[in-house]
Amino acid sequence: MKKHVDVNAGVQLMLYSGLVSNRSARFMLVALSIMDKLIHGVHRAGYEYVEIKEEDIYYRFFSSKIKEGAERIISETSRR
């Protein structure tokens, strides 16, 4: 996962996929934001991509007590 995906990340994705001999391997760009023009190229090349919200990272991967702390931190930092 990357914070912001630009053309360099797209090239990196293609380089990594070229190193893998398993034809059933899947490659995906996952980031908080992906350049619109890159999305079209990635899609045409047959790669997957997804943009996620930063808050979703905390909700999906942490326990409920940590989620509460993460929500508090997100709330506090968004007010700044």
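Because the structure is predicted, anything quoted here is derived from the model rather than measured.
Taken to the nearest 0.5 Å, the OH atom of Tyr49 stands 10.0 Å off from the CG atom of Leu38. One finds the NZ atom of Lys53 at 12.0 Å from the CG atom of Leu32 (value rounded to the nearest 0.5 Å).
Every residue was checked against the side-chain hydrogen bond (donor to acceptor under 3.5 Å, both in side chains) condition with Arg44, not counting sequence neighbours, and none meets it. For Ser24, the side-chain hydrogen bond (donor to acceptor under 3.5 Å, both in side chains) test picks out Asn22, with sequence neighbours left out.
No side-chain heavy atom of Leu29 sits under 4.5 Å from any side-chain heavy atom of Tyr47. Under the 4.5 Å side-chain criterion, counting only non-hydrogen atoms from C-beta, Val20 is in contact with Phe27. Looking at Val42 and Ile34, their side chains never come closer than 4.5 Å, going by heavy atoms from C-beta outward.
Shortest non-hydrogen contact noted between Leu13 and Met28 is CD1-N, 3.9 Å.
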